[in-house]
Undergrad: 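Take a look at this one; I'll ask things after.
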There are 2 protein chains.
Amino acid sequence: MTKDGAGDETPTLEQARRQVEHYGLDADPQAVLVAVRLISAGARVGRAAEAHFARFGLSTGRYRLLADLEDHGGEKSPSRLAADLEVSRATVTGLLDGLEREGLIARRPSAEDGRGSVAILTARGAQRLRDMAPEHFGRLESMVGGLSVEERAVFLDLLARVVRGSAALAAD
Amino acid sequence: MTKDGAGDETPTLEQARRQVEHYGLDADPQAVLVAVRLISAGARVGRAAEAHFARFGLSTGRYRLLADLEDHGGEKSPSRLAADLEVSRATVTGLLDGLEREGLIARRPSAEDGRGSVAILTARGAQRLRDMAPEHFGRLESMVGGLSVEERAVFLDLLARVVRGSAALAAD
DNA sequence: ACCAAGTAGTTAGCTTCCTAATTATCTTGC
DNA sequence: GCAAGATAATTAGGAAGCTAACTACTTGGT
């Protein structure tokens with residue numbers, strides 16, 4: 001069951017082995033393969049998500065912002081959004097620009113801080129989330145539908161650990 | 001051992017549960033969480049990889065192209081590169097432009113096909129790969145170093161199945 | 001042999017994200 | 001109480017990916 005069987009998986013164990021050998025390194029080809037596949041999978045899933053959100057006139061970033069806003073009561077400062085979504089403040093500015101243009105959020109100056117502002121989910125923004133919910137969650141569910149409940153738990157755990165490890169890629 | 005313990009995982013099970021409830025849907029919050037975390041993890045890993053390759057003056061796409069070229073004997077047509085790397089031909093044109101500007105690849109018209117051309121790994125390109133190999137593979141290894149050999153095999157299997165499932169996101 | 005349709009590569013224009021620099025405001029330390 | 005430094009948001013500019021449209025060549029049907 002754990003047999004490979006795929007056939008079209010982009011980087012193969014063979015390629016990984018060949019590369020490691022080629023440079024005379026003692027790295028574990030399996031570990032390298034996992035890392036490379038993960039990077040590749042990240043890009044593919046990201047693109048699939050982008051296409052998914054595009055069906056609703058949103059991007060991954062815009063949807064995440066909208067959903068985060070609603071989950072937080074409909075109001076949040078751009079800085080907090082940036083921190084919570086783990087993107088830069090400049091990116092949040094861009095996402096808000098697009099969402100504001102479509103009337104899904106509104107900006108209001110902050111009452112407490114003269115420098116700051118607050119992003120507010122509009123009725124139209126909330127409606128958009130409501131409209132897409134059934135299909136959105138349905139598709140998300142079918143995305144992982146091939147995994148059993150236990151497998152999902154395992155995957156969640158492994159994924160978290162690998163994401164933590166990915167910090168090592170960029171770190172120093 | 002499978003305990004959460006993370007604390008900073010971006011979307012939580014609570015959030016997923018709240019959202020599903022909020023819309024009165026019967027989706028499984030755990031499945032939704034897995035999907036959402038995967039999308040989020042994909043973006044994070046992608047950015048980490050981008051930062052990693054930037055240390056060597058490359059991007060993820062450029063590195064993948066260079067590595068694929070070397071693995072294939074140093075010569076390949078842009079179309080095949082696009083197919084093998086799973087990006088569009090236009091993207092390959094852009095990657096080749098950048099790599100050619102830095103002298104890491106060269107372009108030559110195809111002998112067999114008057115429309116086609118061939119990308120060739122230059123000595124300098126091969127050298128670049130050689131220079132970065134020890135650190136590159138070392139970092140890749142440490143990225144998944146938190147996983148045992150068995151866990152890596154499981155992860156590889158689950159990852160492949162979930163990537164296949166991600167097609168369902170965009171499909172239809 | 002020739003015209004139609006397909007394919008290779010590029011170009012143009014879009015989006016997302018980034019970093020760095022700018023402007024305005026807040027907060028501290030003296 | 002005011003100058004110096006931090007912080008909020010924006011702007012400007014860059015890279016990677018996409019699709020669609022264009023050019024040049026090849027191939028296949030009649």
Side-chain angles (χ1 to χ4, degrees), chain A residues 39-40 42-66 76-102 105-119 170, chain B residues 39-40 42-66 76-102 105-119 170:
Chain A
I39 290 171
S40 161
R44 286 179 67 153
V45 169
R47 273 185 255 143
E50 219 59 67
H52 165 64
F53 289 113
R55 319 178 109 247
F56 305 102
L58 295 174
S59 67
T60 302
R62 287 192 194 171
Y63 175 82
R64 292 217 307 139
L65 195 157
L66 237 42
K76 221 179 211 183
S77 76
S79 287
R80 277 216 53 194
L81 284 167
D84 294 347
L85 300 175
E86 299 186 292
V87 298
S88 70
R89 274 175 316 180
T91 295
V92 168
T93 296
L95 296 175
L96 290 176
D97 283 349
L99 291 168
E100 188 174 38
R101 226 177 295 125
E102 285 193 58
I105 64 109
R107 276 192 256 226
R108 206 183 57 188
S110 165
E112 302 101 38
D113 191 328
R115 296 165 299 182
S117 63
V118 181
Chain B
I39 290 170
S40 161
R44 286 181 66 155
V45 169
R47 273 185 256 144
E50 218 59 65
H52 166 64
F53 290 114
R55 318 178 108 247
F56 304 103
L58 294 175
S59 67
T60 303
R62 287 194 195 171
Y63 175 82
R64 292 216 306 140
L65 194 157
L66 237 42
K76 221 180 212 183
S77 75
S79 286
R80 278 216 53 194
L81 283 166
D84 295 347
L85 299 174
E86 299 186 291
V87 297
S88 70
R89 281 184 325 228
T91 295
V92 168
T93 296
L95 295 175
L96 290 176
D97 283 348
L99 291 167
E100 188 174 37
R101 226 177 295 126
E102 286 192 58
I105 64 107
R107 273 191 258 226
R108 205 183 58 188
S110 165
E112 303 101 36
D113 191 329
R115 297 165 299 181
S117 65
V118 181

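Keep in mind that the numbers below use all heavy atoms, side chains included, and drop hydrogens, waters and symmetry copies. Protein chains get the first letters and strands the later ones, always in sequence-line order, with residue 1 at the start of each. Bear in mind that the values here come from a model prediction, so they are computed numbers and not experimental data.
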Undergrad: Could you tell me how far apart B:Lys76 (NZ) and C:dA8 (P) are, to the nearest whole angstrom?
TA: 14 Å
Undergrad: Take atom CD of B:Glu100 and atom C1' of C:dT10, then tell me their distance rounded to the nearest Å.
TA: 13 Å
Undergrad: Find the distance between OG1 (A:Thr60) and CZ (A:Phe53) and round it off to the nearest 0.5 Å.
TA: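 Output value for this atom pair is 5.0 Å.
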Undergrad: Out of B:Ser79, B:Ser77, B:Pro78, which one pairs with B:Ser117 under the side chain to side chain contact (heavy atoms under 4.5 Å, CB included) rule?
TA: B:Pro78
Undergrad: Between B:Asp97 (CG) and C:dA12 (P), how many Å, whole number?
TA: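 One finds 12 Å between P of C:dA12 and CG of B:Asp97, rounded.
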Undergrad: Do nucleotides 16-29 of chain D as a string where each nucleotide becomes B, S or -: B if the base has a protein heavy atom under 4.0 Å, S if just the sugar-phosphate does, - if no protein is that close.
TA: SSBB----BBS---
Undergrad: Quick one: B:Phe53 CZ to D:dA15 C1', roughly how many Å, whole number?
TA: 15 Å
Undergrad: By the 4.0 Å heavy-atom rule, please label B:Arg80 as base, sugar-phosphate, or nothing.
TA: nothing
Undergrad: Once rounded to the nearest 0.5 Å, what's the spacing between atom CG of A:Leu65 and atom CG of A:Leu85?
TA: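 Answer rounded to 0.5 Å: 5.5 Å.
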Undergrad: Quick one: pull up CG in A:Asp84 and CZ in A:Arg64 and give me the separation to the nearest 0.5 Å.
TA: 10.0 Å
Undergrad: At less than 4.0 Å, is any side-chain N or O atom of A:Ser117 found next to OP1 or OP2 of D:dA9? Yes or no.
TA: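 So the side-chain polar atoms of A:Ser117 do come within 4.0 Å of the phosphate oxygens OP1 or OP2 of D:dA9, strictly under.
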Undergrad: Provide, to the nearest angstrom, the distance between the CG atom belonging to A:Leu99 and the C1' atom belonging to C:dT15.
TA: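 The distance from CG of A:Leu99 to C1' of C:dT15 comes to 13 Å, rounded to the nearest Å.
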Undergrad: Which value, rounded to the nearest 0.5 Å, describes the distance between A:Ile105 atom CD1 and A:Arg62 atom CZ?
TA: 10.5 Å
Undergrad: Which whole-number value in Å describes the distance from B:Leu81 CG to C:dT10 C1'?
TA: 15 Å
Undergrad: How many whole angstroms separate atom CZ of B:Arg44 from atom P of C:dT16?
TA: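 Result: 21 Å.
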Undergrad: Using whole Å, report how far CZ of B:Arg101 lies from C1' of D:dG14.
TA: 12 Å
Undergrad: Indicate the atoms forming the closest heavy-atom contact of A:Ser59 with A:Glu50, along with that distance.
TA: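 Smallest heavy-atom distance, with atoms named: CB-OE2, 3.2 Å.
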Undergrad: Counting just side-chain N and O atoms, does A:Ser79 come under 4.0 Å of either OP1 or OP2 of D:dA9?
TA: yes
Undergrad: Decide, yes or no, whether a salt bridge links B:Asp97 with B:Arg107 under the criterion of side-chain N to carboxylate O below 4.0 Å.
TA: yes
